[in-house]
Asker: 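Dropping the structure in here first, questions after.
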There are 2 protein chains.
Amino acid sequence: MPAAAYDIATARPDAAPEFSPRQQVVLQHALKLLVEGGEKALTTAGLARTASCSKESLYKWFGDRDGLLAAVVAYQASQVQFPSESGATADPDTFRAHVTAFVEALLGVLFSESSLALNRLSIGQSNTNSNKLGELLLVRGKHMISSRARTMLETGRRHALLKFDDADDAYQVLYGLAIRDVHIRLLLGETATAEVNNHADQAARAVDRFYRLFGA
Amino acid sequence: MPAAAYDIATARPDAAPEFSPRQQVVLQHALKLLVEGGEKALTTAGLARTASCSKESLYKWFGDRDGLLAAVVAYQASQVQFPSESGATADPDTFRAHVTAFVEALLGVLFSESSLALNRLSIGQSNTNSNKLGELLLVRGKHMISSRARTMLETGRRHALLKFDDADDAYQVLYGLAIRDVHIRLLLGETATAEVNNHADQAARAVDRFYRLFGA
DNA sequence: CCTCACCCGAACCGTACGGTACGGTTCGCC
DNA sequence: GGCGAACCGTACCGTACGGTTCGGGTGAGG
């Protein structure tokens, strides 16, 4: 349950059965260590101590330390869910509200401490060992989000609420308008201002500009 | 000389005298190791070997390993320069060309392998030891760039070429339109597509959209 | 009660790497 | 030529941490 509401309506079937409850608890402890102290702080001995399990179990469950890191990323990504678009989107106002809600959820996820910690971890490892983590985060996180966004935008286009040629291009603009350089600044350790944390306002402004570019 | 042209007209006086020529050569070797293998690949013994210097000298020059990393970031940031705006910007077309050139330079810097490696390094360390590196990269890199961008945009506003209330807000929009989520994807290890590497086209499209939002 | 699977806690091992010390060499300067 | 500063190469030390092994304990099933 990390900084993003769990939405039963959109839960993917592959999310739950991947790890046993006991393992999920351990993974949550691992995430906590990551958030607090970065990758260096997640040692096998330290995790075994804080999670009250044995190193032997860690290695049995996850293979090695890299497997543990991958498990943390995979598990956490599976926990992130977005509000479903729930059908009736022909009405312009409700559709725009849906887009705004999506952007707000995006900000909430990307700027959460757990997401930042996982991104920091994956980025830090991205050019060392075959880059398994970055790939995992991209495919289980960003790609899931972007594909959902594209279908949402295409729904808007189908109902003549938006106008664009390339859905991916339009999504990227929406992303850029919403995130700007805040993500990278937070990743670099800058502390978030109150303005940045006002996700509702930020989302509304981004959607406003997006509509000025792509509104029908 | 890393992926960004050196502009003699805009060289800051504090850039040159910080490190001796010999030290600069060593720092370039260090950057090369970082680009190739990430932070793990930059060991004091490894750097001493590839740069043909002694570990003793490394510790004399940079204090400890963290000091070495900070020196790499500081030195490399000092090497990044942008084309100067060089006065006559009253003409709408040349001003817009200046903005486009700025965006193109921004893309060239941020998407270069050396910049990515340094960002990965700083991000990876950002929640471990007092976050010296991230701060350094922000103040010596991003803030320099953004302040220059703001003055450029305000020049455009003064000449009634642009219209906005907050220069920083406008810059952030320009940044978001240009960078989108490409930066984070590259940081995570995704390989750049040909389209992404066409900085001229990307810059032109971003500036076009920027003008549709902020053009007078 | 026995067995077996699972797991905890702790001790242990090997190694990689940060940091230090030292002998030997080059080079500028008097 | 002699001196000292800077520096290279190498050997060395201490430690932290990944990974393994082992003894013991707990609980379900028979």
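Given the structure is predicted, the values throughout are model-derived calculations rather than measurements. Letters A, B, ... mirror the listed sequences (proteins, then strands); counts begin at 1.
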Asker: Among the candidates dT20(C), dG19(D), dC7(C), find the nucleotide nearest to the side-chain atoms of W61(A).
Answerer: dC7(C)
Asker: Which heavy-atom pair separates D168(B) from R150(B) by the least distance, and what is that distance?
Answerer: OD1-NH1, 3.0 Å
Asker: From NZ of K60(B) over to C1' of dA21(C), roughly how many Å is that when rounded to an integer?
Answerer: 13 Å
Asker: Given the structure, check if the side chain of K55(B) and the base of dG19(C) hold any donor-acceptor pair shorter than 3.5 Å.
Answerer: yes
Asker: Which atom names give the shortest non-hydrogen contact between L186(B) and R120(B), and what distance separates them?
Answerer: O-NH2, 2.8 Å
Asker: OP1 or OP2 of dG18(C) sitting under 4.0 Å from any side-chain N/O of T44(B)?
Answerer: yes
Asker: CD of E56(B) versus C1' of dA5(D): gap in Å, rounded?
Answerer: 12 Å
Asker: Of the nucleotides dC7(C), dC7(D), dG19(D), which has the atom closest to the S54(A) side chain?
Answerer: dC7(C)
Asker: Grab the CG-P distance between L47(B) and dG19(C) for me, whole Å please.
Answerer: 13 Å
Asker: Return the value, rounded to whole Å, for the distance between atom CG of L42(A) and atom P of dC17(D).
Answerer: 11 Å
Asker: To the nearest angstrom, how far is R49(A) atom CZ from dG18(D) atom C1'?
Answerer: 15 Å
Asker: Below 4.0 angstrom from OP1 or OP2 of dC8(C), is there any side-chain N or O of S57(A)?
Answerer: yes
Asker: Contact class for R22(A) vs. all strands (heavy atom < 4.0 Å): base, sugar-phosphate, or nothing?
Answerer: sugar-phosphate
Asker: Starting from P on dC17(D), measure out to NZ on K40(B) and report it in whole angstrom.
Answerer: 15 Å
Asker: Report, as yes or no, whether the 6.0 Å neighbourhood of atom CG on D165(B) holds more than 12 heavy atoms from other residues, nucleotides or ligands.
Answerer: no
Asker: Atom CG of L58(B) and atom C1' of dG9(D): how far apart are they, to the nearest Å?
Answerer: 13 Å
Asker: Does the distance from a Lys or Arg side-chain N to an Asp or Glu carboxylate O, for R140(A) and E18(A), drop under 4.0 Å?
Answerer: yes
Asker: Can you tell which of dG19(C), dG9(D), dG9(C) lies closest to the side chain of D64(B)?
Answerer: dG19(C)
Asker: Taking the minimum atom-to-atom distance to the side chain of T43(B), which one of dT20(C), dC17(D), dC17(C) wins?
Answerer: dC17(C)
Asker: State, to 0.1 Å, how close A30(A) and V72(A) come at their nearest heavy-atom pair, and which atoms those are.
Answerer: CB-CG2, 3.8 Å
Asker: Provide, to the nearest angstrom, the distance between the CD atom belonging to Q23(B) and the C1' atom belonging to dC8(D).
Answerer: 15 Å
